[in-house]
Amino acid sequence: MNKYPFLDLLTESDAMARGANLNDKVTHTVYRTIRAHSSTESIKAGKIFTLDTFVPDILNLTKRDLVNVVNRLISDKLVVELFFLEYDTGTRRMLLHPCFLTLPSEKDHMNATFSAIIRQSLQAIDQLLESWPAFQADAFRKDLEKDFTSVQIPRAAELSATTIDPFVEVHAGNFEINPQPEMLKATIKDIKEELLRSGSVVDLNDFGLLPIRDEDLIERFESAAAFLESRVIPRYKNKGNLKGELERIYLAEMDYFSDEKVAPRAEFRRERADALKKIMRQQPRQEQERGVVFPGSLAVEIVLATAPGADRLYARGWEAECEKMVQEFIEKMTRRDAIWSDYMQTYDYAERFRFPEEVWRKITSHLALLYSSFERSAGSGRTHVFVRRDLQALRALVAGMAELPLQHTWKILALKFIMEEHEAEYRELFDDTEFVRSYGKILRKAYINYIPWYYRIFILLGLTWFQDPAFKIAKSRVSLEQKALAGRNQELIEQAEKNREEERRINRIRIKDRADSNRIIEKLDLFYHDQLYIPILADLERAFGDEKINLMEVLSRQKFQLVGSGGEALVLYPVDHEWRTRAARLERSFEKMKEKYELQSGEAASSQLVRMESLRRQIKSAENRKNDPAGTDDDPYQKLADAIRQDEKRAQKLSRAEPDGDLDI
């Protein structure tokens with residue numbers, strides 16, 4: 001069975017049995033010529049029958065006569081009219097070529113020849129995409145501005161820096177023989193699907209196709225997102241509950257980036273575009289300037305369409321950036337001109353967070369390095385130690401450490417511990433008399449503060465026969481100190497981590513509360529403005545049904561107004577930065593309710609009127625509180641900004657947090 005009904009053609013014998021006349025020489029010759037051009041090999045070679053194709057053995061065949069013959073063959077279901085596209089490199093335009101096929105020979109199928117025709121058009125569109133100009137920020141922004149300020153939806157041809165329409169010439173008026181509408185629709189659909197599947201374009205719905213190239217995809221995504229946030233969103237910020245949604249997204253974004261080092265993500269910009277699109281689709285038809293494709297939709301559609309590709313490239317870029325950080329870290333310690341002090345790198349608790357998790361994991365397990373940790377007292381806490389992993393570096397380190405000032409002698413002990421952890425690798429070093437002498441010299445320097453005072457006097461007097469027991473005591477004291485410091489430092493680290501996690505938890509609750517608050521507001525909007533019904537708490541609980549939401553907690557934390565008590569309490573919006581707008585809209589709905597319920601009789605109508613008057617008194621009371629300078633808090637926008645700044649400060653403080661307290665033994 002063929003893919004589409006218009007591809008169901010008859011064989012020559014079947015058509016003649018149904019009354020087709022192929023005995024006429026001209027008709028038969030034209031049919032045979034079309035059939036000779038109807039194989040997949042012929043199509044791939046570009047030998048496709050059109051009304052300009054030469055028909056052999058027929059003298060004085062005019063274009064009009066040929067059109068009439070082909071029309072009869074189409075009527076007899078012996079021939080189907082299709083089309084393919086060609087790219088004109090001179091004019092840089094797509095050319096339309098109507099063409100004609102018969103049933104192919106037995107080795108081919110009609111679906112295969114139709115697919116070959118589709119591939120011809122795809123190759124032409126590939127040429128168009130290859131010649132498409134490079135991204136230019138100014139021209140791209142002009143296209144976005146044109147859509148934002150246009151009364152009508154701009155055509156693809158008017159957005160030359162953004163979209164293409166390879167099918168601009170594909171319409172019945174450009175065919176000499178009237179094409180089947182189903183054929184036009186199906187062919188365009190198949191070509192577009194193949195283009196989208198290849199990833200070479202994305203569909204911007206009403207605006208056309210946006211070519212996708214990795215080299216400029218992120219620039220397009222970020223430019224469209226910036227335009228959306230600076231120009232489009234401010235225009236519609238008071239529509240529906242857009243402000244609340246944007247606030248929720250912003251808090252989620254802040255929570256994500258509060259981590260030390262994280263990969264860029266397109267998610268939050270995509271969510272802003274999606275929130276605007278959904279809210280604009282919910283607006284009453286009379287409030288929409290251009291229907292659901294509102295001014296600014298082009299920026300929205302580009303952000304939504306390019307976000308997946310942007311995320312892929314962000315991930316690739318982040319991986320490359322992390323790898324670069326690893327290489328720079330290794331290079332610092334292994335380059336040819338490195339000096340002995342470069343061979344050991346140390347980082348305390350706070351400095352560790354300079355590195356993304358992926359980078360830290362790679363450098364702590366890198367084969368070119370030795371890694372361990374060393375416990376220090378006071379504010380330094382646990383210190384991460386890296387040492388270059390080769391014999392010459394260790395020799396240079398030991399020799400250089402002889403000149404370390406006293407406040408840095410802890411590095412000698414850190415080196416000692418890391419070498420003991422990898423003792424099997426460095427046995428030959430301890431067969432080197434000169435190395436052993438230098439190593440013993442720096443250990444004496446590091447141990448001196450751990451040796452009892454009376455042993456120090458003997459050592460200073462040059463009585464070396466006390467050295468071995470003195471060093472044994474020092475080594476034991478260092479070991480005990482490390483164990484004690486490890487426990488106390490671990491407690492401080494765990495406490496700092498708990499503090500960090502608690503901050504994240506509180507922030508996540510705030511984000512979820514904002515999301516749940518938005519859902520409650522949507523339900524209240526539905527009750528008050530669509531259903532013209534004043535809800536009580538029990539109504540709201542029923543409206544959420546099995547949806548997971550801690551209704552009473554959110555109502556309390558987000559300061560919704562409850563008039564009355566228990567399940568009979570009336571529910572009003574919170575007195576926040578949206579209050580005045582919502583109160584004014586409520587008053588308009590109250591007038592409609594009054595008209596509705598005063599015409600009705602019965603307890604339900606009376607109850608609604610009583611509820612309405614209760615809410616009007618509550619609204620008036622809330623307005624008085626808001627207008628009273630003595631009882632008015634700061635501007636809610638300012639409060640939100642202050643809260644965000646406080647969150648940022650806390651996040652920065654936590655990222656710099658060091659185990660504090662004096663851990664000296």
Side-chain angles (χ1 to χ4, degrees), residues 135-156 158-163 202-212 216-254 264-311 314 514-515 518 521-522 525 577-578 581 637 640-641 644:
F135 175 75
Q136 294 181 336
D138 289 344
F140 182 65
R141 186 177 175 87
K142 283 180 181 177
D143 281 356
L144 298 177
E145 194 70 45
K146 174 179 263 309
D147 165 61
F148 188 54
T149 56
S150 293
V151 175
Q152 301 296 327
I153 301 170
R155 293 176 290 108
E158 299 177 79
L159 305 170
S160 57
T162 306
T163 59
V202 289
D203 192 356
L204 300 181
N205 297 320
D206 298 87
F207 297 100
L209 301 175
L210 170 68
I212 290 295
D216 59 29
L217 189 144
I218 285 181
E219 284 184 286
R220 287 188 186 278
F221 171 75
E222 292 182 347
S223 295
F227 186 86
L228 177 71
E229 290 161 22
S230 65
R231 294 281 284 140
V232 183
I233 285 176
R235 179 169 176 172
Y236 303 111
K237 64 183 179 182
N238 292 320
K239 296 288 186 183
N241 195 38
L242 182 58
K243 276 188 181 178
E245 277 297 294
L246 295 176
E247 183 180 314
R248 177 193 63 78
I249 295 164
Y250 181 78
L251 288 170
E253 186 176 21
M254 188 178 68
R265 285 168 67 175
E267 174 187 351
F268 305 106
R269 287 170 168 173
R270 180 195 60 75
E271 284 190 2
R272 279 190 274 274
D274 193 46
L276 174 59
K277 183 175 180 178
K278 285 180 179 176
I279 282 171
M280 291 305 293
R281 285 184 178 275
Q282 294 167 1
Q283 298 308 301
R285 192 74 182 180
Q286 63 270 21
E287 292 184 23
Q288 297 180 7
E289 300 170 50
R290 293 189 328 206
V292 293
V293 187
F294 54 90
S297 284
L298 179 60
V300 170
E301 295 297 338
I302 292 172
V303 170
L304 294 176
T306 57
D311 258 334
Y314 280 144
R514 290 304 305 168
N518 292 338
I521 288 169
E522 287 174 3
D525 285 346
H577 54 282
E578 298 283 350
T581 302
Y637 283 111
L640 175 62
I644 290 167

List the residues meeting side chain to side chain donor-acceptor pair (under 3.5 Å) with [X], not counting sequence neighbours, and say none if there are none.
{"X": "T306", "answer": "none"}
{"X": "R514", "answer": "E247, Q558"}
{"X": "E229", "answer": "R272"}
{"X": "R270", "answer": "none"}

Non-neighbouring partners of K142 that pass salt bridge (charged side-chain N to carboxylate O under 4.0 Å, His left out), sequence neighbours left out: none
Identify the residue among I302, L144, L209, D147 that makes a side chain to side chain contact (heavy atoms under 4.5 Å, CB included) with T162. I302
Nearest heavy-atom contact between A266 and D311 is N-OD1, 2.9 Å
Looking only at heavy atoms, the pair that brings L304 and K277 closest together is CD1-CD, 3.8 Å
Going by atom type alone, with no hydrogens or angles, which donor-acceptor pairs under 3.5 Å involve a side-chain atom of residues 217-228 and a protein atom two or more places apart or on another chain?
{"from": "R220", "atom 1": "NH1", "to": "A161", "atom 2": "O", "distance (Å)": "3.2"}
{"from": "E222", "atom 1": "OE2", "to": "Y314", "atom 2": "OH", "distance (Å)": "2.5"}
{"from": "S223", "atom 1": "OG", "to": "E219", "atom 2": "O", "distance (Å)": "2.8"}

Interatomic spacing from [atom1] in [X] to [atom2] in [Y] - rounded to 0.5 Å:
{"X": "E301", "Y": "F207", "atom1": "CD", "atom2": "CZ", "answer": "7.0 Å"}
{"X": "Q282", "Y": "M280", "atom1": "CD", "atom2": "CE", "answer": "10.5 Å"}
{"X": "K239", "Y": "L276", "atom1": "NZ", "atom2": "CG", "answer": "11.0 Å"}
{"X": "E578", "Y": "K243", "atom1": "CD", "atom2": "NZ", "answer": "4.5 Å"}
{"X": "E271", "Y": "L246", "atom1": "CD", "atom2": "CG", "answer": "10.5 Å"}

With sequence neighbours excluded, residues passing side-chain contact (heavy atoms from CB on, under 4.5 Å) with [X]:
{"X": "A252", "answer": "F268, I511"}
{"X": "N241", "answer": "N518, I521, R582"}
{"X": "E158", "answer": "K146, P154, R155"}

Could you check if a side-chain atom of F148 sits within less than 4.5 angstrom of a side-chain atom of R235, using non-hydrogen atoms only? yes
Hey, can you pull the donor-acceptor pairs under 3.5 Å for the side chains in residues 292-300, sequence neighbours left out?
{"from": "S297", "atom 1": "OG", "to": "F294", "atom 2": "N", "distance (Å)": "2.9"}
{"from": "S297", "atom 1": "OG", "to": "F294", "atom 2": "O", "distance (Å)": "2.8"}

